[in-house]
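Some notes on the structure that comes next.
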Amino acid sequence: MELADRAVGLLLTLISLSIFTYFTFWVIIVPFVDSDHFVHQYFLPLEYAIIIPVFAGVALLSLLSLFVGSVMLKSRKKKNKKA
Amino acid sequence: MLTFGKLTNSQDKGAPFSPMKHIFKIISLLAAISAFWVGLLQASIIPRTHTWLLPIYLVVSLGCYGLLMVGVGLMQFPTCPQEAVLLQQDIAEAKGFLKDKGVDVGSD
């Protein structure tokens, strides 16, 4: 369905734009704001700006390698069955 | 998506494919960015902790850009309903032909 594809595309663009703006604000603008401004309660402490992307990257890499490994195992099992 | 577009746009019809030039461009860009980052570290205009965050910010923004391109491409993807019907007819015809000849076409 074309509409489902366009909905998924719109969702992806919205997610990416929101992540980009939130992360930009978090890393570049919030550190230069005074400590007692109200904005600081909307953002986690700055250490989490390192932990969360690194954790997400590690999770992504491990999922990718799991997927590649499972595909390779499946293809080898199929080849052994046929031969 | 970004690199694939650059690869196809920069080739003439008769020019041979040269992957090395593209690698050099990427490496020089990375070297320029890291030189800028090390310079920023040495100059100490911005507090140290913020300078350490800069490469992570660049990687996250690159990932966001890729996701954005995927989403935009999905939204603008053109579908051709008539060609889809013709393609299905072609597939059915080819399957029937091959089955008559005895080839195993498999199931989908």
Side-chain angles (χ1 to χ4, degrees), chain A residues 1-35 37 39-40 42-65 67 74-75 78-79 81-83, chain B residues 1-5 26 30 32-34 36-88 102-108:
Chain A
M1 284 292 312
E2 183 184 332
L3 196 59
D5 282 346
R6 294 192 57 169
V8 169
L10 185 68
L11 196 67
L12 276 183
T13 51
L14 287 179
I15 286 180
S16 76
L17 280 176
S18 61
I19 287 183
F20 179 69
T21 50
Y22 187 80
F23 200 71
T24 306
F25 267 93
W26 201 3
V27 172
I28 295 190
I29 298 188
V30 167
F32 295 109
V33 172
D34 294 328
S35 309
H37 203 267
V39 137
H40 279 273
Y42 288 112
F43 294 96
L44 292 165
L46 204 54
E47 310 92 58
Y48 286 97
I50 305 179
I51 295 179
I52 294 183
V54 167
F55 185 70
V58 164
L60 183 76
L61 279 177
S62 52
L63 278 175
L64 271 176
S65 48
F67 177 70
K74 261 192 224 174
S75 78
K78 208 177 191 180
K79 196 163 75 163
K81 215 188 220 180
K82 237 183 190 176
Chain B
M1 317 253 159
L2 164 73
T3 52
F4 286 161
I26 296 180
L30 278 177
I33 290 182
S34 26
F36 175 71
W37 185 57
V38 169
L40 211 61
L41 270 179
Q42 300 283 46
S44 314
I45 312 175
I46 312 175
R48 276 288 170 104
T49 44
H50 305 330
T51 323
W52 279 107
L53 283 174
L54 209 60
I56 301 178
Y57 172 71
L58 285 175
V59 169
V60 167
S61 67
L62 180 75
C64 257
Y65 172 75
L67 206 61
L68 184 77
M69 285 291 116
V70 166
V72 165
L74 252 186
M75 277 175 58
Q76 293 180 346
F77 198 80
T79 60
C80 323
Q82 298 110 340
E83 269 79 354
V85 169
L86 286 178
L87 188 63
Q88 292 296 332
V103 179
D104 176 25
V105 290
S107 55
D108 52 351

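Below, read A as the first sequence line, B as the second, and so on, with proteins coming before strands; counting in each chain starts at 1. Treat the numbers as computed from the prediction; the structure is a model and nothing was measured.
Residue A/Tyr22 places its OH atom among more than 12 non-hydrogen atoms of other residues, nucleotides or ligands, all under 6.0 Å distant.
Heavy atoms of A/Leu14 lying under 4.5 Å from chain B are absent altogether. Both the backbone and the side chain of B/Val72 have a heavy atom closer than 4.5 Å to some heavy atom of chain A.
Residue A/Thr13 comes nearest to B/Gly71 through the heavy atom pair CG2-C, 3.6 Å, listed as atom of the first residue, atom of the second, then distance.
The shortest side-chain heavy-atom distance between B/Tyr65 and A/Phe20 does not fall under the 4.5 Å cut-off.
Ring geometry for A/Trp26 against A/Phe23 counts as perpendicular: the plane angle is over 60°, on a 0 to 90° scale with 30° as the lower cut.
Heavy-atom pairs under 4.5 Å with chain B were tallied for A/Ile50, A/Thr24, A/Ile19, A/Val27; the largest tally goes to A/Thr24.
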